[in-house]
Amino acid sequence: MLLRMLIREVNGQDWPAIWPFFREIVAAGETFPYPPALGPDEGRELWLLRPPGRVVVAVDEVSGAVLGTANMAANRPGNGSHVASASYMVDPAAARRGVGRALVEDSLEWARKAGFRGMQFNAVVESNVVAVGLYRSLGFEVVGTVPGAFRHPREGFVGLHVMYRALG
């Protein structure tokens, strides 16, 4: 069942709601290259980008629960600053209910409005077939794969995709 949700800028009250699923996702070690034992302060520092970066939450309009989060910014500084990048986390309890798609679509709209020429994901774990499929469905292509660049806890060394989509 798809959820009715609002995507809004993160505020100072949101981290306690983000942290439980952030911790679960990072500790699983299957999709993010963060240290699995990352603490809440380190996690907050990594995730909550400072401006001009942007961080949002997807909130259930009925319950007010935080369902997912995204951060986005220029992929590189200087001569690479015309390409955006983003990362997404969805509470596993809200998986496959449209939260990830809504977050990606929101970040693409933000990037377009901010004048970026494209969006690049630098490290999509190739065994994360749900994310790869979602990104492909939204027009991203795998432009390269670094073999064995990610140490998956069950599958061993797997590739990291670089995925890209032009914005027009």
Side-chain angles (χ1 to χ4, degrees), residues 2 5 7 10 18 21-38 42-49 52-58 67-168:
L2 293 178
M5 72 190 95
I7 296 178
V10 73
I18 295 169
F21 66 84
F22 182 100
R23 178 183 59 224
E24 180 181 350
I25 291 165
V26 170
E30 297 177 354
T31 56
F32 275 84
Y34 298 155
L38 195 66
E42 298 87 3
R44 181 185 180 108
E45 184 67 26
L46 282 170
W47 194 257
L48 299 182
L49 305 178
R54 178 175 180 249
V55 183
V56 299
V57 289
L67 306 168
T69 181
N71 66 24
M72 56 210 82
N75 187 49
R76 307 301 301 164
N79 289 345
S81 63
H82 57 283
V83 176
S85 190
S87 295
Y88 313 94
M89 285 196 187
V90 174
D91 185 337
R96 299 195 181 261
R97 295 169 72 189
V99 178
R101 178 172 295 275
L103 288 167
V104 177
E105 289 173 346
D106 176 81
S107 68
L108 288 167
E109 184 63 24
W110 166 82
R112 274 190 213 94
K113 287 181 179 176
F116 289 98
R117 295 178 49 112
M119 184 170 281
Q120 176 178 320
F121 302 145
N122 301 314
V124 181
V125 179
E126 72 179 338
S127 60
N128 187 354
V129 295
V130 172
V132 172
L134 171 61
Y135 303 153
R136 284 185 190 274
S137 77
L138 291 169
F140 286 84
E141 298 177 50
V142 174
V143 295
T145 302
V146 182
F150 186 84
R151 188 177 56 240
H152 193 281
R154 287 186 320 283
E155 298 182 28
F157 293 99
V158 299
L160 282 178
H161 292 320
V162 177
M163 298 186 78
Y164 178 79
R165 175 188 162 162
L167 300 175

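- Shortest non-hydrogen contact noted between Tyr88 and Ala70 is CD2-CB, 3.5 Å.
- Side-chain contact check for Phe116 versus Asn75: every heavy-atom pair is 4.5 Å or farther apart.
- In this structure, Met119 CE and Trp110 CH2 are separated by 6.5 Å, a value rounded to the nearest 0.5 Å.
- Counting heavy atoms from C-beta on, the side chains of Leu38 and Leu46 come closer than 4.5 Å.
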Is there a side chain to side chain contact (heavy atoms under 4.5 Å, CB included) between Val56 and Met72? Walk through the geometry before answering. CA-CA 9 Å; Val56 299; Met72 56 210 82; 4.0 Å; yes
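- Within 6.0 Å of atom CZ in Arg76, 12 or fewer heavy atoms from other residues, nucleotides or ligands are found, so the atom counts as exposed in its surroundings.
- In this structure, His161 and Asn128 have side chains that are not in contact, with every pair of non-hydrogen atoms separated by 4.5 Å or more.
- Closest of all the heavy-atom pairs between Gln120 and Ser85 is O-OG, 2.8 Å.
- The two atoms that bring Pro92 and Phe21 nearest to each other are CD-CB, 3.9 Å, heavy atoms only.
- Nearest heavy-atom pair across Gly29 and Pro153 is O-CD, 3.0 Å.
- When every heavy atom of His152 is checked against every heavy atom of Ser127, the shortest pair comes out as CD2-OG, 3.5 Å.
- Using cut-offs of 30° and 60° on the angle between ring planes, the pair Trp47 and Phe32 is perpendicular.
- Within the 4.5 Å cutoff, the side chain of Ser137 has heavy atoms near those of the Arg101 side chain.
- In this structure, Gly53 and Ala73 approach most closely via the heavy-atom pair CA-CB, 4.0 Å.
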Go through Tyr164 and Val83 one step at a time and tell me if the side chain to side chain contact (heavy atoms under 4.5 Å, CB included) criterion holds. CA-CA 9 Å; Tyr164 178 79; Val83 176; 4.2 Å; yes
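- Applying the side-chain contact (heavy atoms from CB on, under 4.5 Å) test to Arg136 and every residue at least two apart in sequence or in another chain returns Val132, Val142, Met163.
- A heavy-atom distance below 4.5 Å is found between the side chains of Asp106 and Arg54.
- Rounding to the nearest 0.5 Å places CG of Asp91 at 11.5 Å from OG1 of Thr69.
- Although no hydrogens or angles enter the test, the distance criterion places no donor-acceptor pair under 3.5 Å between the side chain of Arg112 and the main chain of Leu167.
- For the pair Met89 and Thr31, the minimum side-chain heavy-atom distance is 4.5 Å or more.
- Looking at Glu30 and Val125, their side chains never come closer than 4.5 Å, going by heavy atoms from C-beta outward.
- Within a 6.0 Å radius of CD in Glu141, other residues, nucleotides and ligands contribute 12 heavy atoms or fewer.
- You'll find the side chain of Leu108 reaches within 4.5 Å of the side chain of Phe140, heavy atoms only.
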